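Shown next, in structure tokens, is the structure this report addresses.
One-based numbering, in listed order, for ligands and for the atoms of each. Side chains included, hydrogens not; waters and symmetry mates left out as well; all remaining heavy atoms used. From a predicted model like this one, the values you see are computed outputs, not experimental measurements.
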Amino acid sequence: MTVIQETVFETLESNVRGYCRSWPTVFDIARGCWLRDEQGREYLDFFAGAGSLNYGHNNPVLKRALLDYITGDGITHALDMSTVAKRDLLETLRDTVFEPRGLDYKVQFPGPTGANAVEAALKLARKVTGRQAILNFTNAFHGMSLGALSVTGNAAKRAGAGVPLVHVAPMPYDGYLGGDDELRWMRRALDDSSSGLDKPAAVIVETVQGEGGVNVARAAWLRQLAELCAARGILLIVDDIQMGCGRTGGFFSFEFAGITPDIVTLSKSIGGYGLPMALVLFRPELDQWTPGEHNGTFRGNNAAFVTARVALRHYWSDPALEASTLAKGARVRAALLELAAQHPGLSVRGRGLVQGLVFEDASPAAKACRLAFERGLLVETSGSEDEVIKLMPPLIVAEDELEHGLEVLSGAVSEICGG
Ligand code: PLP
């Protein structure tokens, strides 16, 4: 009789755990685009910490700076006290991100998660406008705390709230209705005093919905949305937590559309090294917070400030990373289009180095990801039915690594789909 021994993950860790079920092994070491498990098996990472590892695992440039900082007894924890690490980061943000793009933003350090940045953005929008309603979009994902969940689409995740999620009205995202004017309803409802829609404080949008199935908003749609908001005094919040920090090419995912949001949320890769950190950026006039009005113990993760600063200096002082991201994204897209051409019911969507392989029938997507895992590739599904394989390698992925991952994926998909 075989005795299956339960591990401490099964006996002690909560049922809420998720990714370990998709990738049932125990990871130990990681470098660049590769993870190794405790058996010594190597896995190529096309998941990148859900967008937190744009510069790869244990990036040597960032690691050196972090080790030097720790060895020199640099401040690790500082709430929102002023520190050298924070000053250096703010100056670098100004010099490498804001000034080259002509952006005039104030910087808020919320708690270090994406959800906390979203909470802060929603609170600020409500405070500044004195209005309660927020408009969000179908298939949106903004995090798991109550405010962030209220603007998230997924029914199962919303149900976890256990209380009504209120003061929100979902609008159709670009392409949701299959047409090319999904803003028509929003425009009409906002302008008709009998539509039943309360005038909102803000609209919150992702330019590409990562968790929602790699749904891509067109530049023209984003511009119309920005114009619609500006004309009616509604604040535009772009949640760039997953798609910012170069994932779609430019540092911000909205740059390509030529829009300037009133408020931007950043997290995930802003810390550079995978260390927790988040930012809320907003127009100076919106800075109506009173001291401590949105606080939190871990707003001053100074180790992350160091790696964030070095990442900005190293990767964003010239256009090389943006160009290579776009080139790699085009290569991934071409490979996926080739795969889609071989198998009925598959299609491709994405922007920059986030590309989705969309399955008309959802179930093969998860099976293909599982097979890819068995063959040493980490890639996850997204979308309301998990019908999309989302490819999101670190931006620093080498060409041969990219080709290898695409080959593994293509083999897995072909085996599952037949052919
Ligand atoms: N917003 C977006 C667009 C996200 O993709 C995520 C996480 O995936 C969040 C917010 C929430 O971030 P966190 O999980 O750090 O709270």
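Ring geometry for Tyr55 versus Tyr315: interplanar angle under 30°, hence parallel rather than tilted (30 to 60°). Using cut-offs of 30° and 60° for the angle between ring planes, the Phe47 and Tyr19 rings count as tilted.
Closest heavy-atom approach to atom 9 (C) of ligand 1 among the candidates Glu211, His142, Gln209: His142. The residue among Ser145, Gly143, Pro276 with a heavy atom at the shortest distance from atom 11 (C) of ligand 1 is Gly143. When the heavy-atom distances from atom 5 (O) of ligand 1 to Glu206, Met277, Gln242, Met243 are ranked, the shortest goes to Gln242.
When Thr248, Asp239, Asp240 are each tested for a side-chain hydrogen bond (donor to acceptor under 3.5 Å, both in side chains) with Ser253, only one passes: Asp240.
Tyr176 and Asn139 are not linked by any side-chain donor-acceptor pair at a separation below 3.5 angstrom, with hydrogens and angles left out of the test. Looking at Asn136 and His142, their side chains never bring a donor and an acceptor atom within 3.5 Å of each other.
Distance remark: protein heavy atom not present below 4.0 angstrom from atom 14 (O) of ligand 1.
For atom 12 (O) of ligand 1, the nearest protein heavy atom (residue, atom name, distance) is Gly114 CA, 3.3 Å. Of all protein heavy atoms, the one closest to atom 16 (O) of ligand 1 is Ala115 N, 2.8 Å. Scanning all protein heavy atoms for the shortest distance to atom 1 (N) of ligand 1 gives Asp239 OD2, 2.6 Å.
Heavy-atom contacts of Thr113 reach the following atoms of ligand 1: 15 (O), 16 (O) (cutoff under 4.0 Å).
Arg309 and Glu91 are not joined by a salt bridge, as no carboxylate oxygen comes within less than 4.0 angstrom of a charged side-chain nitrogen. Residues Asp28 and Arg36 are not paired through a salt bridge, judged by the lack of any N-O separation under 4.0 Å between the basic side chain and the carboxylate.
Residue Val118 places no N or O, backbone or side chain, under 3.5 Å from any N or O of ligand 1.
The closest approach between Lys268 and ligand 1 falls below 4.0 Å for a heavy atom of the residue.
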